[in-house]
Protein chains: 2
Amino acid sequence: MARKKLDEIRPEQGDDAAARRTPMREFSRSLPMSLLRAREAVMRQFRPSLRNHGLTEQQWRILRALTAVDEIEVTELARVAFLLGPSLSRILRDLEGRALIERKAAENDARRAVVSISAKGLKLIEAVAPTSEVIYAAITRRYGARKLAELQEMLGALEASLAGMGAEDAEVEADE
Amino acid sequence: MARKKLDEIRPEQGDDAAARRTPMREFSRSLPMSLLRAREAVMRQFRPSLRNHGLTEQQWRILRALTAVDEIEVTELARVAFLLGPSLSRILRDLEGRALIERKAAENDARRAVVSISAKGLKLIEAVAPTSEVIYAAITRRYGARKLAELQEMLGALEASLAGMGAEDAEVEADE
DNA sequence: GGAAAGAACTTAACATGTTAATCATCTCCC
DNA sequence: GGGAGATGATTAACATGTTAAGTTCTTTCC
């Protein structure tokens, strides 16, 4: 009944044998979907191992980031772990409750909080890391080290390309 | 006043403190992080426009997928929109409440539900699509059409590479 | 033809994503 | 020095991700 009046939006070549099996070819090939599926394919490899150690992906990112520094302010941690403030707040509360991290106030600014990994947290990291390394190595071997490096290069370039594109709503100029 | 939360998370380098910084180079260059940042950079472009129309990214994915078919079963919809069952259930409930989609039971199997987009839903899609196309075109122009195609090719290859890698926990064999 | 196993959702429960609001502190400037 | 505004962090509120459990219906198989 209500059917494709949207077909001209993404002109697509007429399919061949996949008439029934592959409906929204063009949709599934959009850049956001490609990135989403690729990332999910990668993370699917890691999640079970992390889960076995009682860690979520984000908790792992935070602990992993903390191992590289003595201590770090919360805002800076959000930047490197690529988490939004509210998510980070919740996770830090949990990790602190589990004694995996330590938190204190900054010396010269009572607003800022400084976080560091605890000995217990380090031990946990050391328990998980070997498996993660094995998985990462398997991915690299399957996909090819050179190709993987090239992919990361292109992803970084994409990020850089879009860095300037203002995230203005783009509605006004598009509609008028 | 409180606009730009995520924007400040990525202030680009070039700071005074950049010398002492750059601690977790290796961490920030991991494949999952690269994919996450790239996808976020892309979605940041689309989210404001969708939001102006009262749609989340996932709701848009569903409606967009529905425009390509007459009707579709829930499980198949979950596959093409790349959503897990529980998320899809919740979103469909909401979209049905807003009369953007219609749902009925399958004829020969009372377990299955069949979903289709409503006239109202189609109208909404048609209102959002032009802006989305403008944004997509801008991204393509900035990054390069050829490079974009190559990136998607490589992302698909990555997905395919990992398709076989069992998601077995990989803990037992790694620990013993 | 009916119990058991499977299938297709759906609900539940918890963790995170996302935006807005709040709270506390700090900085600037009069 | 004190108040307006900026800043760092948290909380609030809602939507989704993720896994497990529950519901309803179907198929299998004895």
Side-chain angles (χ1 to χ4, degrees), chain A residues 32 36-37 39-41 43-44 46-52 54-62 72-79 81-98 101 103-115 167 169, chain B residues 1-9 11 32 36-37 39-40 43-44 46-52 54-62 72-79 81-98 103-115 167 169:
Chain A
L36 179 59
R37 282 202 304 259
R39 182 173 147 78
E40 175 54 31
M43 285 315 302
R44 198 195 326 273
F46 290 98
R47 254 190 288 268
S49 163
L50 293 178
R51 183 174 177 71
N52 282 347
L55 287 177
T56 66
E57 174 195 340
Q58 292 80 1
Q59 293 167 352
W60 164 257
R61 286 220 300 272
I62 291 174
I72 188 173
E73 289 181 9
V74 171
T75 298
E76 174 73 356
L77 180 56
R79 194 185 64 79
F82 210 72
L83 292 169
L84 293 176
S87 294
L88 185 54
S89 275
R90 283 178 302 219
I91 300 173
L92 288 182
R93 188 205 316 149
D94 175 75
L95 294 179
E96 191 177 18
R98 289 201 270 167
I101 67 165
R103 179 158 30 175
K104 65 176 185 181
E107 297 181 359
N108 48 347
D109 190 336
R111 291 171 304 183
R112 301 165 188 266
V114 173
V115 180
D169 288 11
Chain B
M1 180 159 80
R3 172 71 197 124
K4 68 169 178 179
K5 278 290 179 72
L6 194 64
D7 294 351
E8 295 190 334
I9 285 186
L36 180 58
R37 283 200 305 256
R39 183 174 147 78
E40 174 55 31
M43 286 315 303
R44 195 195 334 270
F46 289 99
R47 255 190 289 267
S49 163
L50 293 177
R51 182 173 177 74
N52 282 347
L55 287 176
T56 66
E57 174 195 340
Q58 292 81 1
Q59 293 166 353
W60 164 258
R61 286 218 302 271
I62 292 174
I72 188 173
E73 289 180 8
V74 171
T75 298
E76 176 72 356
L77 180 56
R79 194 184 63 80
F82 210 72
L83 292 169
L84 292 177
S87 294
L88 185 54
S89 274
R90 284 177 302 215
I91 300 174
L92 289 181
R93 189 206 314 146
D94 175 75
L95 293 178
E96 191 178 17
R98 289 202 269 168
R103 179 157 31 175
K104 65 176 185 180
E107 299 180 358
N108 49 346
D109 191 336
R111 292 171 306 181
R112 300 166 189 267
V114 172
V115 180
D169 287 13

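Everything quoted here is computed from the prediction, not taken from an experiment.
- Closest to the side chain of A:Gln58, from the set C:dA20, C:dT16, C:dA24, is C:dT16.
- To the nearest angstrom, P of C:dT11 lies 13 Å from CG of B:Asp94.
- Taking only side-chain nitrogens and oxygens, A:Ser89 never comes nearer than 4.0 Å to OP1 or OP2 of D:dT11.
- When each of C:dA7, D:dT19, D:dT11 is scored by its nearest atom to the side-chain atoms of A:Arg51, the top-ranked nucleotide is D:dT19.
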Between B:Leu95 and B:Val115, is a side-chain contact (heavy atoms from CB on, under 4.5 Å) present by the stated rule, with each step listed? CA-CA 11 Å; B:Leu95 293 178; B:Val115 180; over 6 Å; no
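- You'll find that the side chain of A:Arg111 is closest to C:dC26, out of C:dC26, C:dG17, D:dG17.
- No donor-acceptor pair under 3.5 Å is formed between the side chain of B:Arg103 and the backbone N or O of B:Ala113.
- Listed candidates were C:dT16, C:dC9, C:dT19. Nearest to the side chain of B:Val74 is C:dC9.
- Which of C:dT16, D:dG8, D:dG17 sits closest to the side chain of A:Ser87 comes down to C:dT16.
- The listed nucleotides are C:dC26, C:dT10, D:dA13; the one nearest the side chain of A:Arg90 is D:dA13.
- Of the listed nucleotides (D:dT26, C:dC26, C:dT16), C:dT16 has the atom at the smallest distance from the side chain of A:Gln59.
- Atom CZ of B:Arg93 and atom P of D:dT16 are 10 Å apart (whole Å).
- Taking atom CG of B:Leu83 as the reference point, atom P of C:dC9 lies 14 Å away to the nearest angstrom.
- Between the P atom of D:dT19 and the CG atom of A:Leu50 lies a distance of 11 Å, rounded to the nearest Å.
- Straight-line distance from the CD1 atom of B:Ile91 to the C1' atom of D:dG17: 10 Å, rounded to whole Å.
- Note: CZ (A:Arg112) to P (D:dA6) measures 17 Å, nearest angstrom.
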Test B:Gln59 against B:Arg98 for side-chain hydrogen bond (donor to acceptor under 3.5 Å, both in side chains), laying out the working first. CA-CA 12 Å; B:Gln59 293 166 353; B:Arg98 289 202 269 168; 3.0 Å; yes
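- Taking only side-chain atoms of B:Leu84, from C-beta outward, the nucleotide of D:dT18, D:dG8, C:dG17 with the closest atom is D:dT18.
- Counting heavy atoms from C-beta on, the side chains of A:Leu77 and A:Leu92 come closer than 4.5 Å.
- Rounded to whole Å, the distance from CH2 on B:Trp60 to C1' on D:dT16 is 19 Å.
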